[in-house]
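Both ligands and their constituent atoms are indexed starting at 1 by order of listing.
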Amino acid sequence: MLVLGIETSCDETGLALFDSRKGLLGHILHSQAKMHAEYGGVVPELASRDHVRRQIPLLKRLLADAGIERSAIEGVAYTAGPGLLGALLGGAAFGRSLAWGLGVPAIAVHHMEGHLLAPMLEDPAPAFPFIALLVSGGHSMLVKVAGSGKYEILGESLDDAAGEAFDKTAQLLNLGYPGGPALAKLAEQGDPERFNFPRPMTDRPGLDFSFSGLKTFALNTITANPDDQQTRADIARAFEEAVVDVMVIKCRRALEQTSISRLIVAGGVGANRRLRARLKSLTEAMGAELYYPRIEFCTDNGAMIAYAGCMRLQADSEDDLAIHARARWPITDL
Ligand code: KG4
Ligand code: ZN
């Protein structure tokens, strides 16, 4: 089955073609990051309008590059939530209407299920069951995945998501938007010994996270120290060490607690190099397997939506003719 995937939940317009027989046939992405940069964050109304402007030209290019006729599309998967409602509605209306016009089924996909299944696009793909560390700009959670569609949340952030903490701390360091990659780059020049940030919620049992205190700790450290480039790099490094350390500790606990020996990492923060290196050491020491999507499929993309949608369409969960969009949508509702 050849499925078109459409992702418009935030500031990336992503489209992709996934074929259940041949795999991923093409993907295309337009990032709005530059457009939002001057405002220091995503402006929802600008995001919605831009998705609507981009999606038809992107679809034409995707089909042309893959050498595929529009009429060959056998199903359409679109992100229905969670995300910015206006942004979601653009892709949902487009996807649902296109499917209706083509006379093929459509499916509303959960954005986090997309992230969670993104490692399945790689070779080798992880087998079930596995533990998923999902760390994006909007969510941080540890999920026990027994199979496709069988998700149990083991822990999640009680306040800021990991990516949100990266972005907010980056803003305090005047690194612009999106701040995560810029902060990680600055941290490479930092001295890990100069500042020591707390490791929130690691001194008690459980798998929940809390990252908002680290942003406050960063602000206090910035205020109490001279404002020079080395100090900023040292603060970035200490912040990154703390966030990564917390995630590694919680992953170890989740693997031990469930006796599952397979870990997958997905979502934008999964692109972080220090996190990847630390999780590699952890899983090697535990004799566990570690899987990631390729870097470009860690952040938002259409390929993960096409894949998740294809799995659901093949399981016969086709949608009605309604256009579905939900700003909030717990993954446990699936
Ligand atoms: O998954 P994603 O593209 O969008 C959401 O669904 O939220 O994740 C974006 C988040 C942003 O907060 C961004 O700063 C963060 O992922 N991010 C990173 C890195 N690359 C992206 N955070 C830390 N280190 C990185 N290398
Ligand atoms: Zn995402």
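Here His111 has side-chain heavy atoms under 4.0 Å from ligand 1, and that is the only part of it that gets that close.
What sits closest to atom 10 (C) of ligand 1 on the protein, heavy atoms only, is Gly137 N, 3.5 Å. The single protein non-hydrogen atom nearest to atom 11 (C) of ligand 1 is Asp167 OD2, 3.5 Å, given as residue, atom name and distance. Considering only non-hydrogen protein atoms, atom 3 (O) of ligand 1 sits nearest to Asp300 N, 3.0 Å. In this structure, atom 24 (N) of ligand 1 lies nearest to the protein heavy atom Asn272 ND2, 3.0 Å. Counting protein heavy atoms only, atom 22 (N) of ligand 1 is closest to Gly180 CA, 3.7 Å. The protein heavy atom nearest to atom 21 (C) of ligand 1 is Gly268 O, 3.3 Å.
Note on ring orientation: taking the six-membered ring where Trp is involved, the planes of Phe209 and Phe211 are parallel (angle under 30°, cut-offs 30° and 60°).
Close approach of ligand 1 to Gly163 (heavy-atom distance below 4.0 Å) involves ligand atoms 12 (O). With ligand atoms numbered from 1 in the order given, ligand 1 contributes 1 (O), 6 (O) to contacts under 4.0 Å with heavy atoms of His115. Using a 4.0 Å cut-off to heavy atoms of Thr299, the atoms of ligand 1 that qualify are 3 (O). Heavy-atom proximity to Gly138, at under 4.0 Å, picks out these atoms of ligand 1: 7 (O).
In this structure, the side chains of Tyr307 and Met120 come closer than 4.5 Å at one or more pairs of heavy atoms. Looking at Leu2 and Ile68, their side chains come closer than 4.5 Å, going by heavy atoms from C-beta outward. Between Lys144 and Ile260, the closest side-chain pair of non-hydrogen atoms falls below 4.5 Å. The closest side-chain heavy-atom distance from Phe217 to Asn196 is not below 4.5 Å.
Asp50 has a carboxylate O that lies under 4.0 Å from a charged side-chain N of Arg53, or vice versa, which qualifies the two as a salt bridge. Using a 4.0 Å cut-off between charged nitrogen and carboxylate oxygen, Arg312 and Glu113 count as a salt-bridge pair.
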**OP:** Go through Thr231 and Asn225 one step at a time and tell me if the side chain to side chain donor-acceptor pair (under 3.5 Å) criterion holds.
**Re:** CA-CA 7 Å; Thr231 300; Asn225 285 279; 5.9 Å; no

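Excluding waters, the set of protein N, O or S atoms lying under 2.8 Å from the Zn ion (ligand 2) comprises His111 NE2, His115 NE2, Asp300 OD1.
Taking the six-membered ring for Trp and the full ring otherwise, Phe197 and Phe195 have centroids separated by 6.0 Å or more.
For the pair Arg276 and Tyr292, the cation-pi criterion (under 6.0 Å, within 45° of the ring axis) is fulfilled.
Under the 3.5 Å distance criterion, the side-chain polar atoms of Arg232 are left unmatched by any main-chain donor or acceptor of Asp227.
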